[in-house]
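Working notes for the structure below.
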2 protein chains.
Amino acid sequence: MTQSFSISDLAREFDVTPRTIRYYEAEGMLEPLRQGQRRIYSLRDRVTLALILRGKRLGFSLAEAKEIIDLYDAPQGEAGQLRLLLDKLADKRGLLEEKRRDAENALANMDDYAARCRGRLAELENGGAGQRT
Amino acid sequence: MTQSFSISDLAREFDVTPRTIRYYEAEGMLEPLRQGQRRIYSLRDRVTLALILRGKRLGFSLAEAKEIIDLYDAPQGEAGQLRLLLDKLADKRGLLEEKRRDAENALANMDDYAARCRGRLAELENGGAGQRT
DNA sequence: TATGACGTTTACGTTAACGTAAAGTTATAA
DNA sequence: TTATAACTTTACGTTAACGTAAACGTCATA
C-alpha cells in the first residue's frame with residue numbers, strides 16, 4: 001500500500017509552505033510523480049525533504065544540502081566510483097563533525113553559564129547572608 | 001599588555017572580510033573602541049566575533065545569534081531577572097540540542113552508508129568471486 | 001614628497017530562499 | 001450546477017547578509 005502524500009500533507013507535517021516544497025523541486029532536489037498536474041509525493045520524497053530540512057537546520061545552503069543528498073544516489077558501479085564517493089563522504093563528514101563540535105561547545109558554555117546563574121540565584125534566595133566572605 | 005586587534009587582523013584570523021565585521025557592528029553585535037576613526041578590537045570583541053561565527057556555522061541567523069549572545073550580557077541584579085534569564089537559556093539550549101541531535105543523526109546515517117560502500121568495494125576488490133551467495 | 005598600505009564612510013548592487021498575488025484547473029460537496 | 005477547497009503556473013516582490021566601488025584620511029618609508 002506504499003504511501004503517498006499531497007504537497008500540503010508534507011507542508012503541514014514539516015511546517016513549511018507548499019511554495020517552499022515547489023522551490024526545492026525547481027532546484028532539482030525533489031521529483032514527485034504527477035497525477036494529472038498534481039504532485040504526488042512518495043515515502044522516498046518525504047525522506048528527501050526531511051534531509052533537506054535537516055541540512056537547513058544545520059546551516060547548510062540548499063546547494064550544500066543537495067551535494068550531500070546527491071551522494072546517497074551516486075553511482076556505485078565500479079571501484080573507482082566507490083573510492084571517489086568515499087572520499088566525498090569523508091569530506092562532508094568533516095563539515096558535519098565541525099557542526100557537532102560547535103553545538104557541543106556552545107552547549108557546554110551555556111550550561112556552565114546557567115550553573116553560575118543558578119548559584120547566584122541560590123545566594124539571593126537564602127537571604128544573601130554569609131555568602132562570599 | 002591586554003591585546004588588541006585591527007579589523008584586518010580579525011578578518012584574517014576568522015577568514016571573513018572587514019566588510020563583514022563592520023556589518024556585525026552595524027547590527028549592534030560589536031562595539032570596538034576607536035583610535036581616531038580606526039577600530040580597535042579587544043580580546044572580548046574577538047570572543048564575540050567567534051561566537052557570532054559559530055552561531056552562523058550552526059545555522060542561526062544573525063538576529064538569533066545576537067539573541068543568544070546578548071543573554072551572556074544580561075543583567076543579573078535581582079532574582080526575577082535571573083529566573084527569566086535561566087528560562088531564556090533553557091529555551092536556546094533546546095535549539096542547540098536539536099542541532100546536536102541533527103548533526104549526530106546525519107553523522108550516523110553517513111557512517112552507515114560509508115560502511116556499506118566499503119563493503120561493496122571490498123567485494124569488488126577481492127575479485128567478486130563467491131560473494132553474496 | 002609621493003606612494004603604498006591600511007583604514008574610513010556612504011551608497012548602491014547582488015544572491016539565496018523564499019513570499020505573495022493573479023489567474024486558471026480539477027475534484028468533491030451541497 | 002455551482003461553489004469551495006486544494007491544486008497548478010507565472011511572475012514580480014522581499015529580506016538577510018553581505019559584495020563592491022568611490023572618494024577620502026593617515027601614517028611609514030623610499
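Below, read A as the first sequence line, B as the second, and so on, with proteins coming before strands; counting in each chain starts at 1.
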Taking only heavy atoms on the protein side, list every residue of residues 43-63 of chain A lying under 4.0 Å from any atom of DNA chain C, sorted numerically. A/Lys56, A/Ser61, A/Leu62

Whether the A/Ser42 and A/Asp45 side chains hold a donor-acceptor pair (N or O, under 3.5 Å, no angle test) is what I'd like checked. yes

Please state how far atom CG in A/Leu10 lies from atom P in D/dA6, giving the value in whole angstrom units. 15 Å

Using whole Å, report how far CD1 of A/Ile40 lies from C1' of D/dA6. 12 Å

Has A/Ser8 got a side-chain N or O lying under 4.0 Å from the OP1 or OP2 atom of D/dC7? yes

Whether A/Tyr113 side chain and B/Leu71 backbone form a donor-acceptor pair below 3.5 Å: yes

Short question: side chain of B/Asp9, backbone of B/Ser6 - any donor-acceptor pair under 3.5 Å? yes

Let's test your reading of the model: under 3.5 Å, does the base of C/dC6 pair with the side chain of B/Arg38 as donor and acceptor? yes

Under 4.0 angstrom between B/Arg39 side-chain N/O and C/dC6 OP1 or OP2: no

With a 4.0 Å cut-off on heavy atoms, is A/Arg22 in touch with a base, just the backbone sugar-phosphate, or nothing at all? base

What heavy-atom pair brings A/Leu124 and B/Ala79 nearest, and what distance separates the two atoms? CD1-N, 3.6 Å

Within-4.5 Å side-chain heavy-atom neighbours: A/Arg93 and A/Glu97: yes

Rounded distance (Å) that lies between atom P of D/dA6 and atom CG of A/Asp9: 11 Å

I need the CZ-P distance between B/Arg34 and C/dT8, as an integer number of Å. 6 Å

Rounded to whole Å, please give me the gap between CD1 in A/Ile7 and P in C/dT26. 17 Å

Heavy-atom nearest nucleotide on DNA chain D taken for B/Gln37 and for B/Thr20; more 5' hit belongs to B/Thr20

What is the distance, to the nearest angstrom, from the NZ atom on B/Lys66 to the C1' atom on D/dA17? 16 Å

Among A/Arg57, A/Lys99, A/Arg54, find the residue that satisfies the side chain to side chain donor-acceptor pair (under 3.5 Å) test when tested with B/Asp102. A/Arg57

D/dG19 phosphate, OP1 or OP2: any side-chain N/O from B/Tyr23 under 4.0 angstrom? no

Round to a whole Å and report the spacing from CE of A/Met29 to C1' of C/dA17. 12 Å

Nearest heavy-atom contact between A/Met110 and B/Tyr72 is CA-OH, 3.2 Å

To the nearest angstrom, the CG-P distance between A/Leu30 and C/dA17 comes to 14 Å

Using OP1 and OP2 only, check whether a side-chain N or O of B/Thr17 sits under 4.0 Å from D/dG19. yes

According to a strict under-4.0 Å criterion, is B/Arg19 in side-chain N/O contact with OP1 or OP2 of C/dG13? no

